[in-house]
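A quick write-up on the structure given underneath.
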Amino acid sequence: MRKTILLLVSLLTLVCPLMAQTGKYFANAEGAVITPLGTLADRFKNTASGSISFGYKTSENWIWFGKLEYFKFDKINEDKMYIDSKVLVSGSNVIYRAPLTGIKMDLTVAGLSANAKYNLVRTKLFETNVDLGFGIYRWLNHRSGLDSVTIDTSYTSGVHKYHNLLKDVPPSHQQDWSGGFNLGAELVFHIIDPISITIAGNYKNIIGELWPALALDIENTSSFQMVEYKAGIRIKF
């Protein structure tokens with residue numbers, strides 16, 4: 001993540017001197033921590049992201065900007081990765097819970113969005129904004145297959161006996177383009193002209209669908225909902 005932020009800041013340093021010093025343009029590089037929500041949180045844990053944006057101040061209170069971003073969910077929520085199955089042991093039905101050990105999943109997303117910021121408060125030291133954006137996102141999802149999930153029923157039967165709850169679950173691959181939107185708020189600290197530090201948070205929803213895996217008790221995900229906690233550097237020019 002540190003390398004991503006350094007690259008984005010380097011790009012801003014190269015681009016800004018090429019632009020006229022009007023004060024109406026700005027460039028922004030941000031790093032973020034993303035927390036998945038809803039059924040997406042059943043699959044993945046938090047991840048990091050990076051973005052770079054370029055904008056134009058159209059009036060006293062409005063700024064319009066385009067943003068390019070990238071992130072990848074690849075840390076599985078292991079607490080949710082299990083299956084419950086009923087097994088006949090010594091003439092009785094017993095429900096066993098087995099972890100899906102060895103399963104791998106990831107969701108990679110790259111997007112380009114158009115956004116607008118509206119200024120609420122502005123002083124010499126800081127300003128606060130609200131923002132709204134719409135974009136198009138390219139995403140790829142991969143889930144590995146499983147050869148088998150085996151349990152030991154000895155604690156119930158008193159005899160070491162292994163039982164396959166499932167076997168030969170094939171892998172899954174998806175890729176698509178999806179629309180999405182985000183809304184949030186931002187606090188900007190004016191450090192030294194033309195550099196500012198930004199802290200922001202927003203809700204994002206990408207209208208994509210991840211297929212269920214019924215054999216693995218993994219439910220369908222009908223949209224990628226998440227909350228972003230961001231910090232960055234803004235340069236006016």
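- Of all heavy-atom pairs spanning Met81 and Ile76, the tightest one is CG-CG2, 3.3 Å.
- At distances below 3.5 Å, at least one donor-acceptor pair connects side-chain atoms of Ser144 with backbone N or O atoms of Lys104.
- Between the side chain of Asn205 and the backbone N or O of Asn182 there is no donor-acceptor pair closer than 3.5 Å.
- Under a cut-off of 6.0 angstrom, the local environment of CD in Gln174 is crowded, with over 12 non-hydrogen atoms contributed by other residues, nucleotides or ligands.
- Note that CD1 of Ile199 is 14.0 Å distant from OH of Tyr229, once rounded to the nearest 0.5 Å.
- Using a 4.5 Å heavy-atom threshold, the side chains of Ile218 and Pro212 count as separate.
- For the residue pair Ser172/Trp211, the side-chain donor-acceptor check at 3.5 Å is not satisfied.
- Across every non-hydrogen atom of Ser49 and Phe71, the tightest pair is CB-CB, 3.4 Å.
- At distances below 3.5 Å, not a single donor-acceptor pair connects side-chain atoms of Asn115 with backbone N or O atoms of Phe134.
- Asp84 approaches Asp217 most closely through the heavy-atom pair N-OD2, 3.3 Å.
- Aromatic pair Tyr118/Trp62: ring centres closer than 6.0 Å.
- Residue Tyr137 holds its OH atom at 15.0 Å from OH of Tyr70, rounded to the nearest 0.5 Å.
- Residues Arg138 and Gln175 bring a donor and an acceptor atom of their side chains to less than 3.5 Å of each other.
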Mind listing the side-chain donor-acceptor pairs of residues 183-197 below 3.5 Å, one per line with the distance, residues two or more places apart or on another chain?
| unit_1 | atom_1 | unit_2 | atom_2 | d |
| --- | --- | --- | --- | --- |
| Glu186 | OE1 | Lys117 | NZ | 3.3 |
| Glu186 | OE1 | Asn129 | ND2 | 3.0 |
| Glu186 | OE1 | Arg234 | NH2 | 3.0 |
| Glu186 | OE2 | Lys117 | NZ | 3.3 |
| Glu186 | OE2 | Arg234 | NH2 | 2.7 |
| His190 | ND1 | Ser196 | OG | 3.1 |
| His190 | NE2 | Glu127 | OE1 | 3.2 |

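- Atom CG of Leu146 sits about 8.5 Å away from atom CD1 of Ile83, to the nearest 0.5 Å.
- With rounding to the nearest 0.5 Å, the separation of OG in Ser223 from CD1 in Ile207 is 5.5 Å.
- Distance check: Asn28 CG to Thr198 OG1 gives 4.5 Å after rounding to the nearest 0.5 Å.
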Show your working on salt bridge (Lys or Arg N to Asp or Glu O under 4.0 Å) between Glu60 and Arg122 and close with a plain yes or no. CA-CA 10 Å; Glu60 185 67 20; Arg122 182 184 296 110; 3.3 Å; yes
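- Heavy-atom neighbours of Asn220 CG from other residues, nucleotides or ligands within 6.0 Å: above the threshold of 12.
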Passes side-chain contact (heavy atoms from CB on, under 4.5 Å), Val227 versus Ile34? Steps please. CA-CA 6 Å; Val227 175; Ile34 303 180; over 6 Å; no
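- Both Leu125 and Leu120 belong to a single network of hydrophobic side chains, linked directly or stepwise wherever heavy atoms of I, L, V, M, F, W or Y lie under 4.5 Å apart.
- Looking only at side-chain heavy atoms (C-beta outward), Lys67 and Ser113 come within less than 4.5 Å of each other.
- Residues Tyr25 and Phe65 fall into different hydrophobic clusters, defined by Ile, Leu, Val, Met, Phe, Trp and Tyr side chains chained together at heavy-atom separations under 4.5 Å.
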Stepwise side-chain contact (heavy atoms from CB on, under 4.5 Å) test for Leu210 and Arg143: CA-CA 10 Å; Leu210 300 181; Arg143 175 185 55 76; over 6 Å; no
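- Between Glu69 and Lys204 there is a salt bridge, since a side-chain N of the basic residue sits under 4.0 Å from a carboxylate O of the acidic one.
- Of the possible polar contacts, none joining the Thr108 side chain to the Trp139 backbone as a donor-acceptor pair under 3.5 Å is found.
- Heavy-atom neighbours of Glu78 CD from other residues, nucleotides or ligands within 6.0 Å: at or below the threshold of 12.
- Of all the heavy atoms in Pro36 and Ala41, the pair that sits closest is O-CB, 3.5 Å.
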Stepwise side-chain contact (heavy atoms from CB on, under 4.5 Å) test for Val109 and Leu140: CA-CA 7 Å; Val109 181; Leu140 300 92; over 6 Å; no
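- Clustering ILVMFWY residues whenever any of their side-chain heavy atoms sit less than 4.5 angstrom apart, transitively, puts Ile233 in the very cluster that holds Phe126.
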Apply side-chain contact (heavy atoms from CB on, under 4.5 Å) to Val33 and Glu228, showing your working. CA-CA 6 Å; Val33 174; Glu228 297 177 298; over 6 Å; no
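- Checked by atom type, the side-chain pair Asn46/Lys75 shows no donor-acceptor distance below 3.5 Å.
- The nearest pair of heavy atoms linking Gln225 to Leu40 is O-CD2, 3.7 Å.
- If you chain together hydrophobic residues whose side chains sit under 4.5 Å apart, Leu37 and Phe181 fall into the same group.
- Expressed to the nearest 0.5 Å, how far NZ of Lys24 lies from NZ of Lys57 amounts to 9.5 Å.
- Between Arg43 and the options Asp106, Asn77, Thr221, a side chain to side chain donor-acceptor pair (under 3.5 Å) holds for only Thr221.
- Under the 4.5 Å side-chain heavy-atom criterion for Ile, Leu, Val, Met, Phe, Trp and Tyr, Ile52 and Phe26 are members of distinct hydrophobic clusters.
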